[in-house]
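Report on the structure given below.
Numbering of ligands and ligand atoms starts at 1, following listing order.
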Amino acid sequence: MAAAGSGAKAGHENWSSRSAFVLAAVGSAVGLGNMWRFPAEAGENGGGAFVLFYIFCVMLIGLPVLLSEVLIGRHGQSSAPESVRRVARDSNTSTGWSIIGSLGVFAAFLILSFYCVVGGWVLYYIGVFASDIVQTGITSGAFAGRDPGDIEGLLPSLFGDGGLMVGLNLGFLALTMFFVARGVSSGIEWVAVYLMPLFFALFLAITIYGSFTGNFSEAVAYLFTFDASKLTGEVMLAAVGQAFFSLSLGVAGMITYGSYANRDTNLGHTSGIIAGADTAVALIAGLAIFPIVFAAGLSASAGPGLMFQSLPISFQAMPFGSLIGFAFFVMVFFAALTSSVSLLEAPTAFVKDAIGMPRMVATLVVGLGAAILGVLSSLSFNEMAEFYPLNFIPLFAETNFFDTLDGVTAKLFMPIGAILTCIFVGWFADARLIDDENGLDGVLHQTWRALVRFVCPVVLTVILAYGLLS
Ligand code: TRP
């Protein structure tokens, strides 16, 4: 039975090499989640306790779910719902499990729509620093002579400009569509193979720079001192949500990427590399951002404003500040683009395979949908700030369109998708088929199996219930 689905399906695209798969998957994982969301969440949840629990979640929950997802994709060799259906069929169990793929594809589409809004802000800051370089030259700090309040005000004034928000949002989405329309090996892979190494080079340079100019020891103490009293239920929930978002889990993205992997890729090892790289980037991003923030005497708990407001203020006092700021946002842009490409690819692959549309048309259809939702998200910061789409549900009361999409996907779709994936892979899928795909032996295999069958579904259900009831 296990052999029935092991060959690559005719016509289904593939990565051109194993390293292309690793880069694309790392590219999907490393994004705004690491650079923007992780430091914000860590700061808002008190630092060390959050960070250490986050690492624990990545290893005990994120990694096993990641392997389960790429494994389903590789066996299924199709878009996410069809891949799950194929694993189910080859395991003689209900093909109704394909709901995992359908829900995931829908959620990825929702995430894409607001992810591109934030991608637009990144484009804006690239422009801000580029024009600052032109005005003040390359050697000086950023924003010479301007008031810090003024620099902080850049973000609210962007938010206030509905037209600009929509334009930047659609610009970022159009770039994403361009690469997805070109296909797996010549578009998506191209972005990963060229932009990810550039990202890592810039990232390293800025971190080293930050460690010399900033307050590095205070940042290390803040991020890694474990204070058990700070580990509340809310902090745990935030940490597990962050682990999922950062690893691109629960919403079919990794099923889709796994489906382009070859038979000779060891999925167990590859998942380890993806999770390791993603976590390293998040931690290093924290170590790059917090020293600068502490040195400038700014607050660690500035939340989403940390990357877009605190950091630009701190670039003011630095030699080469405008250049560093420019490089920083270009780097974030590369990371964001390799992630948004994966968010668009999951629904596009589905439309392409299920309805039989050419890739170009499928990209346009999904992109158009994301554009419509994106405009609503962009306008929820200004013209439509008072529009609360799910006001009748307490969890989402008085939540604007943008935050509703963020909340619904992170608090509902991702955990539910992951719970179903674990139950399916752990209890219903044919054990031989799973053994054949996962690339793990001995103790590692046993551990992974136990985590997927027992630990992940139980822990996730508890966390989901807690999140919904509190
Ligand atoms: N992981 C990405 C980030 O950290 C975002 C992302 C890409 C994502 N694909 C995803 C999140 C799929 C959830 C699901 O920025």
Query raised in the report: Taking only heavy atoms of Ser342, which atoms of ligand 1 are found under 4.0 Å from at least one of them?
Result: 7 (C), 9 (N)
Query raised in the report: If you measure from each heavy atom of Gly253 to ligand 1, is any distance below 4.0 Å?
Result: no
Requested in this report: Run the numbers for me: atoms of ligand 1, each under 4.0 Å from some heavy atom of Leu32, listed by number.
Outcome: 15 (O)
Query - Those atoms of ligand 1 less than 4.0 Å from some heavy atom in Ala29 - result: 1 (N), 2 (C), 3 (C), 4 (O)
Report task. Using the six-membered ring wherever Trp is involved, compare the ring planes of Phe203 and Phe199 and label them parallel, tilted or perpendicular (cut-offs 30° and 60°). Result -> parallel
Query raised in the report: Which is it for Met414 and ligand 1 at heavy atoms under 4.0 Å: side chain, backbone, both or neither?
Result: side chain
Query raised in the report: Under 4.0 Å from any heavy atom of Ser246, which atoms of ligand 1 are there?
Result: 1 (N), 4 (O)
Requested in this report: Establish, yes or no, whether a centroid distance under 6.0 Å links the rings of Phe381 and Trp121.
Outcome: yes
Report summary line: One should read off an interatomic distance between Phe424 CZ and Ile100 CD1, to the nearest 0.5 angstrom, of 6.0 Å
Query - Phe326 and Phe129 aromatic centres sub-6.0 Å - result: no
Query raised in the report: Of all the non-hydrogen atoms in the protein, which one sits nearest to atom 11 (C) of ligand 1, and at what distance?
Result: Phe245 O, 3.3 Å
Query raised in the report: Does the gap between the ring centers of Tyr257 and Phe21 come in under 6.0 Å?
Result: no
Query raised in the report: Can a non-hydrogen atom of Tyr115 be found less than 4.0 Å from any atom of ligand 1?
Result: yes
Report summary line: Note: heavy atom closest to atom 10 (C) of ligand 1, options Leu249, Thr338, Leu343, belongs to Leu343
**Report entry** For atom 7 (C) of ligand 1, closest protein heavy-atom neighbour
**Finding:** Ser248 OG, 3.3 Å
Side-chain polar contacts of residues 452-463 - donor-acceptor pairs under 3.5 angstrom, sequence neighbours left out - could you list them?
residue, atom, partner, partner atom, Å
Arg453, NH1, Gly426, O, 2.8
Thr461, OG1, Pro457, O, 2.5

**Report entry** Residues Glu44, Arg37; criterion salt bridge (Lys or Arg N to Asp or Glu O under 4.0 Å); working and verdict
**Finding:** CA-CA 10 Å; Glu44 281 179 316; Arg37 206 173 183 275; over 6 Å; no
Query raised in the report: Closest non-hydrogen protein atom to atom 2 (C) of ligand 1, residue and atom name please, with distance?
Result: Ser28 O, 3.2 Å
Query raised in the report: Thinking salt bridges, do Glu13 and Lys352 make one under a 4.0 Å N-O criterion?
Result: yes
**Report entry** Per-atom contacts, ligand 1 versus Val251 - under 4.0 Å to a heavy atom
**Finding:** 12 (C), 13 (C), 14 (C)
